[in-house]
Amino acid sequence: MLDLKFLRENLDEVERRLNSRGGTVDLSDFRSLDDKRRALLSEAETLKAERNQVSALIGKTKDKSQVQGEIARMKDVSARIKELDEELRHVEESLKGLMLTLPNLPDEVCPIGKSEEDNLEVSTWGEPTQLGFEPKAHWDIGEDLDIIDFERATKIAGARFSLSKGAGARLERALFNFMLDTHTAEDKYTEVQTPLMVNRDTMTGTGQLPKFEADLFHMDDPDYFLIPTAEVPVTNIFRDEILDGTQLPICYTAHTPCFRKEAGAHGRDTRGLIRQHQFNKVELVKFVRPEDSDAELEKLLADAEGILQALKLPYRVVDLCTGDIGFSAARTFDIEVWLPAQQAYREISSCSNFRDFQARRASIRFRREAGSKPEFVHTLNGSGLAVGRTLVAVLENYQQEDGSVVIPEVLRTYMGGIEKIG
RNA sequence: GGAGAGGUGACCGAGUGGCCGAAGGUGCUCGCCUGGAAAGCGGGUGUACCGCAAGGUACCGAGGGUUCGAAUCCCUCCCUCUCCGCCA
């Protein structure tokens, strides 16, 4: 959520920066709602002040017959207050509803653009893998080695589900264990296990609701949502809390399955593991002081890149343009890994600075020192990494001409020492 | 699923209609004391909104009701805990 006062005082700038995302945001409703709210509030509060004063007087008067006139008058005042409060409630509801649907302001340094076409490549690591033979797509590798079974997963659940087994299942486990072990080394990140089902307040806190309910798996009774990313439960750990500023930054990592409807992705990536309704991901989440968030984003990005470097997988980093950046983010760097079968870089991590946008929604604050005013923290998160897509990258980049797949060195201790599959 | 208890400030906990934004304690913090510390003594210590300001308003789980006036009374909902049942 944006800061109400900042919005009020910088309406044109906010409109310009929000429109750089693509759509056309019209803030004229905001102006009228905000004005109306303040007028109603002012009138209601003046009447309440009077009522409080007169009521206190009535309380002190022993002989109530002397104040019958005041009591009768306050009855009318209370009735009027009730009307105003009712109207105010409606206006505030509309205003809050509007505020919750406004996306974050992209940082001024974000490349201006309409779509992912306009993202800016900021670095590359390694060279696109040269296999010297026609690369197989990971779904063929997986089926040929009998380590991924798409057909039976479809029978069990439906399209966009998969099932790994044997060395495939173990490779997936090796990957997320390696990621967690790396991130938690030297207490860089604290590992957490969280609920995978969450309530509405939690989904609203990070920005999935109210706008993106259609993308979420939902249960009616009780009213729960399956998490689309560990960002949601982990960021909400400190919802409605005031943190001790000396404890910041707080860095968490979590491995969870993620559940997404992929409602708007019909026909895209229909084969293989790239776009699934359920996938594993290791997430990195930080709560930091506002002045540290730029530097912490750099570090978070480096931590995610470190996994790909350890796995020796070629990748590039792109600075997302204003048109491609997510709803809650102010700045995002995507990491894209090289996939030989597609001859393309594909997203494997997204690292974002949300500044105080989520913190304001979820009311996550900190005190610099005992007695000082609470301030909103900045929140950040990034995938470190998407496990399913990392599995894809390993299978495709480490495939051999004979159909086998070599195990990246750093994973071998996790794989019982074997050096290849097949 | 059945029965019961309860939700008050950073934490514990008092408070059954006006003198309650809320006693007391703990914690934190400032000062005194001390060679230094502990103990002791004294002071301070909620958040949000409106307002140029003075100031005002709201908040004792949430929402509604009664009343001139509600943390306190009534209703609905949510959540937590205990016991029983079931269970990885």
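Both backbone and side-chain heavy atoms feed into the values below; hydrogens, waters and symmetry mates do not. Below, chain A is the first sequence line, B the second, and so on; all start at residue 1.
Residues A:N236 and A:G205 share a closest heavy-atom pair of OD1-CA, 4.1 Å.
Distance CZ (A:R368) to P (B:U29): 18 Å, rounded to an integer number of Å. A straight line from CZ of A:R239 to C1' of B:G61 spans 14 Å, rounded to a whole angstrom. Residue A:I242 contributes atom CD1, which lies 7 Å from atom C1' of B:U47 at whole-angstrom precision. Rounded to whole Å, atom P of B:C50 lies 7 Å from atom CG of A:L41. Between the CD atom of A:E9 and the P atom of B:C52 there is a distance of 11 Å, rounded to whole Å. Atom C1' of nucleotide B:A58 and atom CZ of A:R38 are separated by 18 Å, given to the nearest angstrom. At whole-Å resolution of the value, CD in A:E92 and C1' in B:C50 are 11 Å apart. The distance from atom OH of A:Y224 to atom P of B:C78 is 11 Å, rounded to the nearest whole Å.
When heavy atoms are screened at a 4.0 angstrom cut-off, A:R8 is found touching the sugar-phosphate backbone but no base atom. A:R73 comes within 4.0 angstrom of nothing in the nucleic acid, heavy atoms only. At a threshold of 4.0 angstrom between heavy atoms, the contacts of A:T46 with the nucleic acid are absent.
In terms of phosphate contacts, A:R200 brings no side-chain nitrogen or oxygen within less than 4.0 Å of OP1 or OP2 of B:C78. Proximity of A:R89 to the phosphate of B:A62: no side-chain N or O atom is located under 4.0 Å from OP1 or OP2. Within the 4.0 Å cut-off from OP1 or OP2 of B:G69, at least one side-chain nitrogen or oxygen of A:S78 is found. The phosphate of B:G69 has neither OP1 nor OP2 within less than 4.0 Å of any side-chain N or O from A:K75.
Taking the charged nitrogens against the carboxylate oxygens, A:D34 and A:R38 do have a contact shorter than 4.0 Å, which makes a salt bridge.
Distance check on atom C1': B:G21 versus B:A3 gives 37 Å, rounded to whole Å. Straight-line distance between the C1' atoms of B:C79 and B:G61: roughly 7 Å, to the nearest whole Å. Comparing the C1' positions of B:A48 and B:G42 gives a spacing of 32 Å, expressed to the nearest Å. The separation of B:C28 from B:G46, taken at their C1' atoms, amounts to 14 Å, rounded to a whole angstrom. Taking the C1' atom of each, B:G9 and B:U47 are spaced 10 Å apart, rounded to whole Å. Comparing B:A62 with B:A71, their C1' atoms are spaced 14 Å from each other, to the whole Å. Going from the P atom of B:A22 to that of B:C59 covers 14 Å, rounded to whole Å.
Note that CZ of A:R367 is 4.5 Å distant from CD1 of A:I242, once rounded to the nearest 0.5 Å.
Using a 4.0 Å cut-off on heavy atoms, the residues of residues 48-62 of chain A that approach RNA chain B are A:K48, A:A49, A:R51, A:N52, A:S55, A:I58, A:G59, listed by number.
Comparing B:U57, B:C68, B:G51 by their closest approach to the side chain of A:I71 singles out B:C68. When distances run from any side-chain atom of A:R365 to the nucleotides B:C68, B:U47, B:C50, the shortest one goes to B:U47.
A:T204 and A:D201 form no side-chain donor-acceptor contact under 3.5 Å, judged by distance and modelled atom types alone. Between A:T206 and A:E231, the side chains place no donor N or O within less than 3.5 Å of an acceptor N or O (distance only, hydrogens not considered). A donor-acceptor pair shorter than 3.5 Å cannot be found between the side chains of A:D292 and A:H378. In this model, a donor atom of one side chain and an acceptor atom of the other lie less than 3.5 Å apart for A:Q309 and A:Y315.
Classification of the A:F238-A:Y252 ring pair by plane angle, with boundaries at 30° and 60°, yields parallel. Taking the six-membered ring where tryptophan is involved, the planes of A:F217 and A:H277 are perpendicular, since the angle between them exceeds 60° and thus also 30°.
The partner of B:C20 is absent, by the rule that a Watson-Crick or G-U pair needs both atom distances under 3.5 Å. Of the nucleotides present, B:U26 is the one that pairs with B:A10 by Watson-Crick or G-U wobble criteria, both distances under 3.5 Å. A 3.5 Å limit on both hydrogen-bonding distances identifies no Watson-Crick or G-U partner for B:C86. With a cut-off of 3.5 Å on both pairing distances, the Watson-Crick or G-U wobble partner of B:U57 is B:A48. Across the strands present, B:G63 finds its partner in B:C75; the criterion is a Watson-Crick or G-U wobble pair with both atom distances under 3.5 angstrom. When both distances must be under 3.5 Å, the Watson-Crick or G-U wobble mate of B:C81 is B:G4. Across all strands shown, B:G40 forms a Watson-Crick or G-U wobble pair with B:C32, both key distances being under 3.5 Å.
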